Number of protein chains: 2
Amino acid sequence: METKPTRRGSKQKMAVLDATKRLSNHPTAEDIFFKAKEEIVSISFSTVYRNLGILVKEKELIPISGPGSEIHYDHVINNHCHIQCRVCGKVRDMNVPAVDFSGILPSDASGFTVDGVCVTFTGTCRDCQVETDTKGEQK
Amino acid sequence: METKPTRRGSKQKMAVLDATKRLSNHPTAEDIFFKAKEEIVSISFSTVYRNLGILVKEKELIPISGPGSEIHYDHVINNHCHIQCRVCGKVRDMNVPAVDFSGILPSDASGFTVDGVCVTFTGTCRDCQVETDTKGEQK
DNA sequence: ATTCATAATAGGAACTATTCCTAATATAAA
DNA sequence: TTTATATTAGGAATAGTTCCTATTATGAAT
Ligand SMILES: [Mn+2]
Ligand SMILES: [Mn+2]
Ligand SMILES: [Zn+2]
Ligand SMILES: [Zn+2]
């Protein structure tokens, strides 16, 4: 039996993946929407969200959720750590070794089976450190 | 100059903290609301949220945000790790050493100053492992 | 005790990120 | 070309949280 020769990525789906890769700094769905719009002016928010969900399932992207309400997306899918600014919400990579969860037993994990780990540091980015009078709103 | 002898905790604030402690398993705002309601029948969601915010600022509680949309609260405020069920969203403690972030330099952190770290494993809790026919909806 | 200023509350509206729904359109197979 | 299905754009709905406001509780000063 063949693996079904199902439809390849649609133009929109590819635009979403491309936009995420070109933005590269852990963009939000909104960031991705506007970047993808540069390629496909008619693309909708709905389509971006749907394809982000698909791309996460296909392990082309990783979702990063932190203290802020928005989900950020990462096209670098290996296990690494992030830091998020408490003030402006921006997410960057952390240059520290990632936590290894391969040896964890269910007994360590309250009976859960473990399939991943997300290490997110919190702090203040350089832009937001410059006093609170210029309010840090940049991405 | 004295530290202002400001108002102690209100009845509602204490009820919120108490409810969180008695629930103990990383309850959500909604869980806390219903538990606090057992003590103060008139308490409102608004009051629960406001006091949760205050208690977090006062470091009486820690907020835990993960893949699911809801914030969970922990009255155990030392630095430890959690695991969240992908299916039902429940949060439990992880019996593994917490990540130490005290020695991290700004150079490791893309120029951020670091003030905390949140290590959240993901997986499937025991209740949600029993096939997908009994859909795992319990807390 | 009464007055006063202020802190906190209950209730509900507003907000926001995300998901869901639907009719229209694009695509690939037959 | 016809048909079946996948995907889309757009907008409505949802859900968790925050914000607003009139009312009530509290403690200090009189
Ligand atoms: Mn990354
Ligand atoms: Mn805990
Ligand atoms: Zn910042
Ligand atoms: Zn579960």
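Side chains are part of it too, since the values below use all heavy atoms of this structure and drop only hydrogens, waters and symmetry mates. In the text below, chain A, chain B and the rest are named by the order of the sequence lines, each starting its count at 1. A quick note: this is a predicted structure, and the numbers were derived from the prediction, not measured.
Enclosure of atom CZ in A/R22 by more than 12 non-hydrogen atoms of other residues, nucleotides or ligands within 6.0 angstrom is indicated.
Salt-bridge formation is not detected for the pair A/K35/A/D18: no Lys NZ or Arg NE/NH1/NH2 atom is positioned less than 4.0 Å from an Asp or Glu carboxylate oxygen.
A/I32 has its side chain within reach of A/L52: a pair of non-hydrogen atoms, C-beta onward, lies under 4.5 Å apart.
Of the candidate nucleotides C/dT9, D/dT8, D/dT17, D/dT8 has the atom nearest to the side chain of A/Q12. Listed nucleotides: C/dA17, C/dT9, D/dT8. Nearest to the side chain of A/E70: C/dA17.
Looking at residues 50-62 of chain A, you'll see that no heavy atom sits under 4.0 Å from any atom of DNA chain C. For DNA chain C, the neighbouring residues in residues 42-49 of chain B, judged by any heavy atom under 4.0 Å, are B/S42, B/I43, B/S44, B/S46, B/T47.
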Identify every side-chain donor-acceptor pair in residues 115-123 of chain A under 3.5 Å, counting partners at least two apart or on other chains, and give the distances.
| unit_1 | atom_1 | unit_2 | atom_2 | d |
| --- | --- | --- | --- | --- |
| A/D115 | OD1 | B/R86 | NH1 | 2.5 |
| A/D115 | OD1 | B/T122 | OG1 | 2.8 |
| A/D115 | OD2 | B/R86 | NH1 | 3.1 |
| A/T122 | OG1 | A/R86 | NH1 | 3.1 |
| A/T122 | OG1 | B/D115 | OD1 | 2.8 |

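Following rounding to the nearest Å, B/M14 (CE) and D/dA25 (C1') show an atom-to-atom distance of 16 Å.
Considering CG of B/D74 and CG of B/L23, their distance stands at 12.0 Å, rounded to 0.5 Å.
Grouped with B/L105 in a hydrophobic cluster is no other residue, since no side-chain heavy-atom contact under 4.5 Å to another Ile, Leu, Val, Met, Phe, Trp or Tyr is found.
Applying the ring-ring contact (aromatic ring centres under 6.0 Å, His included) test to residues at least two apart or on different chains, none of the pairs has a partner in residues 86-108 of chain B. Counting only residues at least two apart or on different chains, the ring-ring contact (aromatic ring centres under 6.0 Å, His included) pairs with a member in residues 18-56 of chain A are A/H26-A/H82, A/F33-A/F45, A/F45-A/Y49.
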